[in-house]
Amino acid sequence: MKTILSVVGARPNFMKLAPLHRALQGRAVRHVIVHTGQHYDAAMSQAFFADLGIPDPHYNLGVGSGSHAQQTAEIIQRLEPVVSQDRPDLVLVYGDVNSTVAAALVVAKLGIALGHVEAGLRSGDWSMPEEINRIVTDRLSQLLFTPSSDANENLRAEGVDAGRIHLVGNIMIDSLVAMLPRAAALDAPGRHGLRPHQYAIVTLHRPSNVDDPETLSELMGGLEDLTARGPVLFPVHPRTRRRIDEFRLTSSSHNGLRLLEPMGYVEMLGLMASAALVITDSGGVQEETSYLGIPCLTARPNTERPITVLRGTNRLIPSRRAALVPAALEAWGRLASRGNIELWDGCTACRIAEVVNV
Ligand code: UD1
């Protein structure tokens, strides 16, 4: 029986793994899951495994946090013996986090076939660690599973052979489609005392937004201004929480904002699906809001997901109070129709399973 080994490590990997794990069940495949431990807080990791119905990983490498070099090196050192011992026929990596590129290096050097789920995305911004991770991972992968045709164009422009590229659609949307009924049943807005489409929800965690005191303070100021329009909920990523504390941004001037603990997948989906507006710097949230038809403002100068601007509800804004507030007031409540991007249909994992299960 063929063995496929998946390596995941950080929160945005888990919603990409879940549908593929389901799609491989019932096929003549042994699917081994390795969690690097890049994310380890219960709210960042176990909560997602539980919400998404992913079984416990076969291996947890427990690497934890560190500088890029430390974290990447730890993953490389701890993953190599696992992959050498298991000798899978194929290793799958997901997205663009440090666990993705570290696993790709290990697998390529062991001469084992590598597949990249969510290949070909490019922001053109080399100051983002994710851009480096994407480019290196794609270069090392034999199978490139792309979410949209712009990703195919990026890979072709880099000289990748067309035979390696498989346009399969957006696997995150598989998780969204599968979980939407549960999210609706949870009534997350009601649990937070909110009425549908009367509130904004925020996620911010990019180093460029949260590691610089002036930028984070500008963003927090803009969000505070926005509370005059309606409730603003902000589930705070651990990196951002550390910075808010370090820069002492929890003063009374930010009291109108609801700063919350990181949220599970279903609750967050339920809140996004009924929001008047989402403000983010996450890649996945740009896609989810585009699918849901909820207006999204992305506090970044660029995006590796241009289709969300061209065909979805996304708009890029500078990370400045003076830009955020008018854009948010303008976008508030401008709902669009749901799900009209090709192959963002809930069936991506099955298309990948068809390719890998030959
Ligand atoms: C990582 C990814 C980023 C992704 C994000 C999603 C890289 C380079 N970055 O960023 O692409 O969008 O995950 O969440 O891979 N921490 C905790 N508990 C945890 C995990 C992290 O407290 O479970 C704190 C630690 O202080 C850590 C910091 O968050 O140093 C950053 O974690 P790290 O995984 O290095 O990067 P993220 O900012 O989470």
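Everything numeric in this text was worked out from a predicted model, so none of it was measured. Whatever order the structure lists ligands and atoms in, that order sets their numbers, starting from 1. Every heavy atom of this structure was used, including side-chain atoms; hydrogens, water molecules and symmetry mates were not.
Each of the following atoms of ligand 1 lies closer than 4.0 Å to a heavy atom of H68: 8 (C). Distances below 4.0 Å separate heavy atoms of P238 from the following atoms of ligand 1: 16 (N), 17 (C), 18 (N), 22 (O), 24 (C).
Of the listed options Q71, R11, E130, Q71 places a heavy atom closest to atom 35 (O) of ligand 1. Across the listed options H237, H205, R242, H237 owns the non-hydrogen atom lying nearest to atom 14 (O) of ligand 1. When D41, N98, I132 are ranked by how near their heavy atoms come to atom 15 (O) of ligand 1, first place goes to N98.
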Is there a salt bridge (charged side-chain N to carboxylate O under 4.0 Å, His left out) between E130 and R206 once you walk through the steps? CA-CA 10 Å; E130 291 81 3; R206 295 279 160 210; 2.9 Å; yes

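Proximity of a side-chain donor or acceptor of T72 to a complementary backbone N or O of N98 within less than 3.5 Å is not detected.
Using a cut-off of 4.0 Å between Lys/Arg side-chain N and Asp/Glu carboxylate O, D211 and R239 are scored as salt-bridged.
Residue contact annotation: R241 has no non-hydrogen atom under 4.0 Å from ligand 1.
Taking only nitrogen or oxygen atoms, main chain and side chain alike, Y40 reaches within less than 3.5 Å of ligand 1.
Here F49 and H35 bring their ring centres to under 6.0 angstrom of each other.
The aromatic rings of H237 and H39 stand perpendicular to each other, their planes meeting at an angle above 60°, with 30° marking the opposite boundary.
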